[in-house]
Amino acid sequence: MNIIACVKRVPTTDAEVRFKADASGLETDSLPYMISFYDEIALEQAVLTKEALGGEVTALSLGPASGSKEIRECLAKGADKAVILTDDEWMSSDCRATAKRLAAAIGELDAQLVFMGRVATDRDNAAVGPMCATYLGWACVSGVIEMECGEDKGTAKVETENGIETVEFSLPAVITCNKGLNTPRYAGLKGIMAAKKKPLEEQAPAEADGQAVLSTVIAPPARPEGRIVGTGAEAIPALIDALRNEAQVL
Amino acid sequence: MTTLVVFVEHSGGNARRGSLEALGAAHAAGCDCIAVLAGADAAQAAQTLGGSGATKAVVLTGPAEHSADAVASAMAEVVGAQGADGFLAASTHHGQDLAARVAAHLDSVLFSDCTGLTSEGDSLSVQRSWLAGKAIAQLTSTAPAFCCTTRLNVFEVCEGEGSVEVSEHAISAEPKTRVVSIEAKGDSKLDVKEAPVVVSGGRGMKEAEHFSLIEDLAAAFGNAAVGASRAVVDTGWRPHSEQVGQTGKVVAPQLYVAVGISGAIQHLAGMRTSGTIVAINKDAEAPIFKVADYGIVGDALEIVPALAEAVRAVKAEG
């Protein structure tokens with residue numbers, strides 16, 4: 001089975017963000033990067049599925065050619081090959097454009113199963129998986145926390161506001177992965193050595209115009225100065241008073 | 001006037017609050033709303049929408065009610081059939097998933113989990129966060145249809161009077177997925193994204209068992225959900241569904257109480273837009289106090305039970 005894990009290079013979650021003075025974007029020059037948290041889970045699920053069913057895992061990423069360090073890590077963690085759809089403006093690619101470009105590449109790779117993270121931790125859209133599946137005309141289950149998969153169908157569990165739903169899906173399918181689905185492995189020395197010999201291909205992504213127009217991006221407004229109302233349980237009456245009479249939330 | 005089709009989720013024959021907020025957001029931005037509902041009791045829930053901002057409601061009928069792909073394609077058909085300009089949903093699990101699919105059917109970009117929706121001439125502009133709240137972006141779109149989802153607890157519900165004209169639309173697409181079972185959680189358990197009050201615990205609770213104190217404080221508020229820091233989720237003390245922050249859920253309740261949470265940048269990003277923030281921590285230098293409106297320095301295990309008692313006393317007074 002041809003299995004794809006879509007991975008995105010995003011700023012590390014502990015990165016301090018700086019803004020361009022004219023509010024036209026983020027200062028990206030010295031940003032540290034990582035593979036998006038949920039995409040690591042997607043990659044692990046792709047490798048686990050390959051180990052169970054056989055086949056080949058391709059790590060697919062829309063990103064800069066300079067992102068190959070992060071993509072090499074995917075090869076070290078069990079992907080057999082990698083394809084980077086090179087775009088230096090990858091972070092500004094809106095969810096529709098990204099979904100269309102990934103769908104075009106997925107079609108060419110003749111895959112049956114595609115894993116993605118539930119959401120990328122930079123633009124927080126949680127949209128590319130189900131959008132991409134819709135463009136492909138495939139089944140999709142979003143936010144999976146547990147799954148089983150065979151050659152032509154599978155079942156997956158997702159957590160919703162109502163409880164836990166069990167969903168049956170037919171292949172081909174796009175599965176977006178939530179925390180709890182698995183524990184991503186670390187790259188061992190053997191994996192890192194093997195990754196150097198694995199194919200990493202760069203391709204031009206399919207054409208897809210952006211529709212999102214950014215007006216401004218700024219830091220969140222500072223919260224009003226707070227105060228320590230006291231120490232220990234003796235401070236509780238002061239807190240209750242503040243919550244009732246100042247904040248009026250109690 | 002801009003007309004939006006708004007996905008309304010419901011339970012027990014009533015619309016869920018998040019969906020009413022989405023209707024309220026569209027109404028406040030000057031849009032005309034057509035509600036679309038699916039599933040059992042949808043017709044009953046549609047009848048309750050008078051004054052919510054919707055003037056029409058479309059109930060989806062057919063055997064594929066529980067298949068997200070078939071439902072989404074029917075919702076996109078409703079947008080076309082009603083001559084609407086776009087699609088809106090609350091950013092719940094299903095709202096987010098369906099909105100992405102509907103947007104693809106309409107070949108339009110989706111703005112997810114928006115915290116602002118305003119009209120600008122003939123078009124709409126949204127505010128939404130990037131990097132879980134470390135950046136705030138203002139965006140418009142050139143898409144053929146305007147599609148967005150709204151963050152819970154941010155927009156006001158319309159409290160009006162009125163009637164709703166209800167019609168039906170049949171789901172016709174062949175389903176590719178099927179919900180085979182739903183393991184419902186207790187009715188009293190609010191999701192951390194939906195709850196107006198969130199009481200979160202961190203490593204300062206010292207042991208998993210001590211979260212009974214957090215649960216008891218949440219119960220004292222009555223309308224609260226329990227949240228957790230990444231540290232206690234990763235050690236297995238609490239489920240991931242409760243995690244607040246960049247690799248969990250971004251929340252904006254009226255009141256957020258952080259207990260024994262030092263305030264890592266990823267956690268702060270996920271809760272800093274809450275209405276009022278209370279922090280309880282033994283370390284007076286903890287970063288959580290920088291975003292808190294009110295802080296108490298001290299041992300969570302001593303303070304939390306006493307605070308629960310005090311909250312109960314206030315609630316009993318009415």
Side-chain angles (χ1 to χ4, degrees), chain A residues 11 13-14 17 26 37 94-96 99 121-127 130-131 134-135 138-143 158-170 179-180 211-220 223 226-233 235-236 239-240 242 244 247 249-250, chain B residues 69 92-94 96-97 100-101 103-105 108-110 112-113 129-143 176-185 191 194 240-241 246-247 254-255 265-266 272 275-276 278 289 291-298 302-303 306-307 310 314:
Chain A
T13 58
D14 58 0
V17 178
L26 306 177
F37 174 83
D94 68 36
C95 56
R96 169 186 163 275
T121 57
D122 58 347
R123 292 297 160 92
D124 307 345
N125 267 307
M131 283 187 104
T134 305
Y135 280 118
W138 289 13
C140 175
V141 189
S142 297
V158 299
E159 185 154 34
T160 77
E161 289 77 6
N162 303 317
I164 306 225
E165 293 185 1
T166 303
V167 185
E168 230 172 53
F169 59 91
S170 56
K179 186 168 173 178
Q211 293 178 340
V213 181
L214 178 68
S215 310
T216 56
V217 58
I218 56 170
R223 289 190 65 91
R227 66 175 196 270
I228 302 283
V229 296
T231 303
I236 288 170
L239 176 64
I240 295 284
R244 290 195 82 178
V249 288
L250 188 61
Chain B
D69 40 280
T92 58
H93 174 83
H94 287 299
Q96 188 57 43
D97 176 61
R101 297 169 194 254
H105 280 296
S108 297
V109 72
L110 174 72
S112 304
D113 205 30
S129 68
W130 289 355
L131 299 150
K134 290 179 197 166
I136 310 289
Q138 192 75 36
L139 300 132
T140 55
S141 112
T142 59
K176 298 181 183 75
T177 57
R178 192 168 67 93
V179 176
V180 288
S181 69
I182 302 175
E183 190 185 310
K185 62 179 175 190
D191 185 81
E194 283 182 304
H240 176 243
S241 57
Q246 200 166 2
T247 56
Q254 291 156 23
L255 175 62
I265 184 169
Q266 297 94 331
R272 62 172 299 146
T276 299
V278 171
F289 286 119
V291 300
D293 299 284
Y294 309 111
I296 297 182
V297 179
E302 173 209 358
I303 295 165
L307 180 56
V314 170

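Chain letters run A, B, ... following the sequence lines, proteins first and then strands; every chain starts at 1.
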Item to check | Distance-only polar pair, side chains of Gln266(B) and Thr13(A), donor-acceptor under 3.5 Å | outcome: yes
Item to check | His94(B) and Thr160(A), any side-chain heavy atoms less than 4.5 Å apart | outcome: yes
Next on the checklist: Less than 4.5 Å apart, side chain to side chain, heavy atoms only: is that true for Ile303(B) and Ile236(A)?
Outcome noted: yes
Checklist outcome for this item: Greatest number of non-hydrogen atom pairs under 4.5 angstrom with chain A, of Gln254(B), Gln246(B), His105(B), falls to Gln246(B)
Next on the checklist: Any non-hydrogen side-chain atom of Val17(A) less than 4.5 Å from a side-chain atom of Trp130(B)?
Outcome noted: no
Next on the checklist: Show, in sequence, the C-alpha distance, side-chain angles and deciding distance for Leu110(B) and Arg96(A), and conclude whether the side chain to side chain contact (heavy atoms under 4.5 Å, CB included) test is met.
Outcome noted: CA-CA 7 Å; Leu110(B) 174 72; Arg96(A) 169 186 163 275; over 6 Å; no
Next on the checklist: Side chains of Leu239(A) and Ile296(B), heavy atoms from C-beta outward: is any pair under 4.5 Å?
Outcome noted: yes
Next on the checklist: Quick check: do Glu165(A) and Ser181(B) have side-chain heavy atoms less than 4.5 Å from each other?
Outcome noted: no
Checklist entry - Backbone N or O of Ala132(B) within a donor-acceptor pair of the Asp124(A) side chain at under 3.5 Å? => result yes
Item to check | Best-contacting candidate, Ala126(A), Gly143(A), Gly180(A), against chain B by heavy atom pairs under 4.5 angstrom | outcome: Ala126(A)
Checklist entry - With only heavy atoms counted, which part of Ile240(A) is less than 4.5 Å from chain B, the side chain, the backbone, both or neither? => result side chain
Checklist entry - Going through the distances and angles, do Glu161(A) and Glu194(B) end up as a side chain to side chain contact (heavy atoms under 4.5 Å, CB included)? => result CA-CA 8 Å; Glu161(A) 289 77 6; Glu194(B) 283 182 304; 3.9 Å; yes
Item to check | Rounded distance [0.5 Å steps], CG in Asn162(A) versus NE2 in His93(B) | outcome: 9.5 Å
Item to check | Which of Ala100(B), Gly298(B), Ala103(B) touches chain A most, by non-hydrogen pairs under 4.5 Å | outcome: Ala100(B)
Item to check | Ala99(A) portion near chain B, given a 4.5 angstrom heavy-atom threshold | outcome: neither
Next on the checklist: If you count heavy-atom pairs within less than 4.5 Å of chain B, which of Val213(A), Leu214(A), Val167(A) leads?
Outcome noted: Val213(A)
Next on the checklist: What part of Ala143(B) gets within 4.5 angstrom of chain A, counting heavy atoms only: side chain, backbone, both, or neither?
Outcome noted: both
Item to check | Distance in Å, Leu131(B) CG paired with Arg123(A) CZ, rounded so as to fall on 0.5 Å steps | outcome: 7.5 Å
Checklist outcome for this item: Given Leu26(A), Val249(A), Thr134(A), the one with more heavy-atom pairs under 4.5 angstrom with chain B than any other is Thr134(A)
Next on the checklist: What I'd like to find out is whether the side chain of Arg223(A) reaches to under 4.5 Å of the side chain of Arg272(B), using heavy atoms alone.
Outcome noted: yes
Item to check | Under 4.5 Å from a heavy atom of chain B, the part of Val229(A) involved | outcome: both
Next on the checklist: Heavy-atom pairs under 4.5 Å with chain A - which of Thr140(B), Ile265(B), Val278(B) has more of them than the others?
Outcome noted: Thr140(B)
Next on the checklist: Strictly distance-based, threshold 3.5 Å: is any side-chain N or O of Glu183(B) a donor or acceptor partner for the main-chain N or O of Thr166(A)?
Outcome noted: no
Item to check | Nearest heavy-atom neighbours spanning Thr247(B) and Lys179(A) | outcome: O-CD, 4.3 Å
Item to check | Which of Asp122(A), Asp94(A), Val141(A) touches chain B most, by non-hydrogen pairs under 4.5 Å | outcome: Asp122(A)
Next on the checklist: For a quick test of reading the model, state the closest non-hydrogen atom pair linking Trp138(A) to Lys176(B) and the distance between them.
Outcome noted: C-CD, 3.5 Å
Checklist entry - Checking Ile218(A) against chain B: side chain, backbone, both or neither under 4.5 Å from a heavy atom? => result both
Checklist entry - Which distance, rounded to the nearest 0.5 Å, do you find between the CZ of Phe169(A) and the OG1 of Thr177(B)? => result 10.0 Å
Item to check | Within-4.5 Å side-chain heavy-atom neighbours: Ile136(B) and Thr216(A) | outcome: no
Item to check | Heavy-atom pair of closest approach, residues Pro130(A) and Arg101(B) | outcome: CB-CG, 3.8 Å
Next on the checklist: Heavy-atom pairs under 4.5 Å with chain B - which of Pro11(A), Ala212(A), Ala219(A) has more of them than the others?
Outcome noted: Ala212(A)
Checklist outcome for this item: Pair count under 4.5 Å, heavy atoms only, with chain B: among Thr231(A), Asn125(A), Ile228(A), highest is Asn125(A)
Item to check | Side chains of Cys140(A) and Asp69(B) in contact at under 4.5 Å (non-hydrogen atoms) | outcome: no
Checklist entry - Under 3.5 Å, is there a donor-acceptor pair between the side chain of Thr142(B) and the main chain of Gln211(A)? => result yes
Item to check | Shortest non-hydrogen contact from Ala306(B) toward Ala233(A) | outcome: CB-CB, 4.3 Å
Checklist entry - Given a strict heavy-atom distance threshold of 4.5 Å, which part of Tyr294(B) is in contact with chain A: side chain, backbone, both, or neither? => result both
Next on the checklist: Just so I understand: if I count every heavy-atom pair under 4.5 Å between each of Asp191(B), Val180(B), Asp113(B) and chain A, which residue has the most?
Outcome noted: Val180(B)
